[in-house]
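Only one structure is covered here, and it is reproduced in the block below.
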Amino acid sequence: ALYQRSEAMAGIAAAYAGLTTDMLLSVYRTVDLRPLYPRGLWRHNDPEIESYLSENFLALQAFVQHTRDHSLGAIIALT
């Protein structure tokens, strides 16, 4: 787990605020993710995967914005 102080979360929120799901998907479509785990999951031009990425990206943006609005830090754990 990684702890981020409120100042760091505010910086992350500012960086993510200028990004759109269209920008995310545009970059996603150019990266070859075939060699990455789990194999076969990251297919280009797949509406289900693009929806998954978009929904989770918007949730992440909302979360970091919330931490910035309320001067909160966060514990980040990748599982």
Side-chain angles (χ1 to χ4, degrees):
L2 175 66
Y3 177 75
Q4 294 291 337
R5 296 184 178 274
S6 59
E7 298 82 12
M9 293 306 296
I12 294 168
Y16 278 43
L19 302 176
T20 65
T21 54
D22 287 338
M23 294 166 78
L24 171 74
L25 294 175
S26 176
V27 171
Y28 165 72
R29 291 177 187 132
T30 66
V31 177
D32 181 9
L33 298 172
R34 288 177 296 181
L36 300 178
Y37 176 81
R39 295 188 194 288
L41 175 65
W42 302 111
R43 296 178 306 273
H44 289 205
N45 301 318
D46 184 312
E48 184 178 347
I49 290 174
E50 291 188 359
S51 175
Y52 171 84
L53 290 172
S54 296
E55 289 173 19
N56 283 280
F57 179 70
L58 292 172
L60 177 61
Q61 276 185 316
F63 171 73
V64 296
Q65 181 65 43
H66 178 82
T67 63
R68 183 173 81 174
D69 291 347
H70 298 282
S71 300
L72 299 172
I75 297 173
I76 301 169
L78 300 175
T79 59

Residue set satisfying side-chain contact (heavy atoms from CB on, under 4.5 Å) with Gln4, at least two apart, ordered chain then number -> Leu2, Ala8, Met9, Ile76
Between the NE2 atom in His70 and the CD atom in Gln65, the distance rounded to the nearest 0.5 Å is 9.0 Å
Got a list of side-chain donor-acceptor pairs under 3.5 Å for residues 12-27, not counting sequence neighbours?
| from | atom 1 | to | atom 2 | distance (Å) |
| --- | --- | --- | --- | --- |
| Thr20 | OG1 | Asp22 | N | 3.4 |
| Thr20 | OG1 | Met23 | N | 3.0 |

Using a 4.5 Å side-chain heavy-atom cut-off and chaining through intermediate ILVMFWY residues, the residues clustered with Ile75 come out as Tyr3
Contacts satisfying salt bridge (Lys or Arg N to Asp or Glu O under 4.0 Å) that involve residues 24-33 (not counting sequence neighbours) are Arg29-Glu50, Asp32-Arg34
Residue set satisfying side-chain contact (heavy atoms from CB on, under 4.5 Å) with Ser51, at least two apart, ordered chain then number -> Glu55
The side-chain contact (heavy atoms from CB on, under 4.5 Å) partners of Asn56 (sequence neighbours excluded) come to Tyr52
Among the clusters formed by ILVMFWY side chains lying less than 4.5 Å apart, do Leu72 and Phe63 turn up in the same one?
no
